[in-house]
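Below: one structure, written as C-alpha cells.
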Amino acid sequence: VIAILPVRAGAQYAGAAVLAGGNRSGYAVGSDGSLWACGNAQSYQLGNGSNQNSSIPVKIAGLNGVRSAAAGIASAYALMSDGTVRAWGGNGDGQLGIGSTVTATVPVQTGLTGIVAIASRLNSVYALKDDGTVLVWGDNGQGQLGLGDTTDRNIPLSLSSIAGATAIAATHYSGCAVAGGEVYCWGRNQEGQLGIGTTADSLVPVKVTGLTGVTALAGGFYTAYALKSDGTVWAWGDNGQGQLGIGTYNSGDIRTAPVQVDSLANIRSIAAEGYAAYALDSNGNIWTWGLRGSQSRSLSPVRIPDPTDPSEFFSGVEAIGAGFYSGYAQKEDG
C-alpha cells in the first residue's frame, strides 16, 4: 500500500527523535535511545536477525543510547550517544566497515569513535568526526569515496583533503561535505551533481561553485541540496523529474552549478531521496518538490496536506527524513 497523504506510524514510534530511510526500509530513534525499523529486510537491514520484511516497526535488540540512524541500499547504521557506530545488513562492498565483506544479521561494532554524523547512499558510507575529519568506506567504483582511486574499502579511511568539516551528505555515487561554510563534492558527475560547472567526474573533493554560508546538506539520486544560514535552499544536478524545485523539468535537464529552490524561506532542515526533496521551515511546516508519483510532479515546493484533514496543511513538525520513494516526519509531540 502506498500512502499518498501522511499516515501515523505504529505507536512504537512515539517519541522518535531522528528519522532515516533506506531501500524501502525506515528507521526511527526513540526518546529512550532505542531504534525501531520496518520495511524491506532482504539483506537483514532490519537488524533483528531475520530477512523477513516487516510492515510494522520492530525494535532492534541490543541497541541502547542511539543518537541517530542512516541507511544505504542493503545496510544500516546506528550512531550511538558515545560516538561509536553499529552497523548491520549486506556487506558485499565492505560497507559495514568491519574489515571484511561478511553480512551481519544483527548490529555489530565498527570500531569508530568520536562520530557526530553518518550518511550512506547505496553501498558507500561517510562519517563525520568531532574534530571535523571525514571518514569514508564501502563501494568506490566511481570514486565516490574521494580517495583518488576506484578501489573499494572495507575499513573507514580519513579523507585527508578536507579539514574542519561540519556536515556531510551523499548522492548516488558521490559524496559532499561542508567546511568553512563552503561545499566540497567528489565522485560521479555525469548529471552535474558535483556542482562545479562541468560534468567531469572527480576522484578527489572539489569545491562547489559559488556557495557560502552553508549549514546543512542533503542528497537525492543524482541531485544535491544545500541549506544556507539565511534559510534559503540551493540545489544542483539532475532535474529530470523537477527535483531542483525551480519550476521546470525536462528529461536530461541538469544544472552543473547551484540554483536557488523556488520560494523557500526560513528553512531549518532539509532531506532528500530518490527524485524528491523535503524542507522543514521554522514554523514546523513541511515543503516538498520533485516526483510525487509515476506521472505527478511538483516543480516548485508545495506544503504537504494534513493527514487528518487534507484541506489543512501538515504542521507542528520537529524533524524530517527521507528514504527511497518515501518521506518521514516527527511531530513535536513525538
Side-chain angles (χ1 to χ4, degrees), residues 8-41 43-50 54 56-91 95-98 103-121 125-130 134-135 137-138 156 167-170 216 218 269 271 273 280 317-324 326-334:
R8 182 179 295 274
Q12 299 97 322
Y13 273 118
V18 176
L19 307 169
N23 181 27
R24 300 179 176 86
S25 55
Y27 304 85
V29 181
S31 59
D32 60 353
S34 59
L35 185 63
W36 299 78
C38 59
N40 184 7
S43 298
Y44 298 92
Q45 59 265 55
L46 298 190
N48 62 353
S50 169
S54 178
I56 61 172
V58 293
K59 185 177 182 180
I60 300 179
L63 287 183
N64 300 295
V66 177
R67 180 192 303 172
S68 65
I73 195 169
S75 54
Y77 309 85
L79 172 57
M80 312 303 290
S81 57
D82 62 1
T84 61
V85 175
R86 307 292 192 273
W88 61 96
N91 194 28
Q95 64 264 38
L96 299 188
I98 56 176
T103 294
T105 63
V106 296
V108 295
Q109 175 68 261
T110 64
L112 291 168
T113 60
I115 304 302
V116 296
I118 189 164
S120 180
R121 184 55 50 83
V125 195
Y126 310 85
L128 177 61
K129 293 197 68 173
D130 51 13
V134 176
L135 299 171
W137 67 96
I168 53 174
S269 66
E273 246 298 1
L280 176 62
V317 175
E318 218 171 54
I320 55 175
F324 281 34
S326 56
Y328 305 88
Q330 175 210 341
K331 297 205 70 175
E332 57 195 10
D333 62 2

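The figures here come from the full heavy-atom set of this structure, side chains too, leaving out hydrogens, waters and symmetry mates.
- In this structure, the side chain of W88 engages the main chain of Q45 through a donor-acceptor pair within 3.5 Å.
- Panel note: side chain W137, backbone Q95; a donor-acceptor pair is recorded below 3.5 Å.
- Contact record, S25 with N40: CB-O, 3.7 Å, taken as the closest heavy-atom pair.
- Looking at heavy atoms from C-beta onward, M80 lies in side-chain contact with L63 at the 4.5 angstrom threshold.
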Any chance you could lay out the side chain to side chain contact (heavy atoms under 4.5 Å, CB included) test for R67 and V116, step after step, and finish with the verdict?
CA-CA 9 Å; R67 180 192 303 172; V116 296; 4.2 Å; yes

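- Closest of all the heavy-atom pairs between Y27 and A69 is CB-CB, 4.2 Å.
- Nearest heavy atoms, E273 versus G323: CB-O, 3.0 Å.
- With rounding to the nearest 0.5 Å, the separation of OG in S269 from CD1 in I320 is 4.0 Å.
- Side chain of S120 to main chain of A70: no donor-acceptor pair is present (N/O by atom type, distance under 3.5 Å, no hydrogens or angles).
- Pairing each heavy atom of I60 with each of G47, the nearest pair is CG2-O, 3.5 Å.
- Between the side chain of N91 and the backbone N or O of L96, at least one donor-acceptor pair lies under 3.5 Å.
- Across all non-hydrogen atoms, the minimal contact from G89 to T103 is O-CG2, 3.4 Å.
- Taking OG of S68 as the start and CG of L35 as the end, the distance is 9.5 Å to the nearest 0.5 Å.
- Between the CG atom of L280 and the CD atom of E318 there is a distance of 9.0 Å, given to the nearest 0.5 Å.
- A side-chain donor-acceptor contact under 3.5 Å links D32 and S34.
- Here CD1 of I115 is found 7.5 Å from CG of L128. Values are rounded to the nearest 0.5 Å.
- You'll find the side chain of V317 stays beyond 4.5 Å of the side chain of Q330, heavy atoms only.
- Between the CD1 atom of I168 and the OH atom of Y126 there is a distance of 9.5 Å, given to the nearest 0.5 Å.
- The CG atom of L135 sits 9.5 Å away from the OG1 atom of T110 when rounded to the nearest 0.5 Å.
- A pairwise comparison of heavy atoms in A78 and V66 identifies CB-CG1, 4.2 Å as the closest pair.
- The side-chain contact (heavy atoms from CB on, under 4.5 Å) test with V85 singles out one residue from V125, V108, L79, and that residue is L79.
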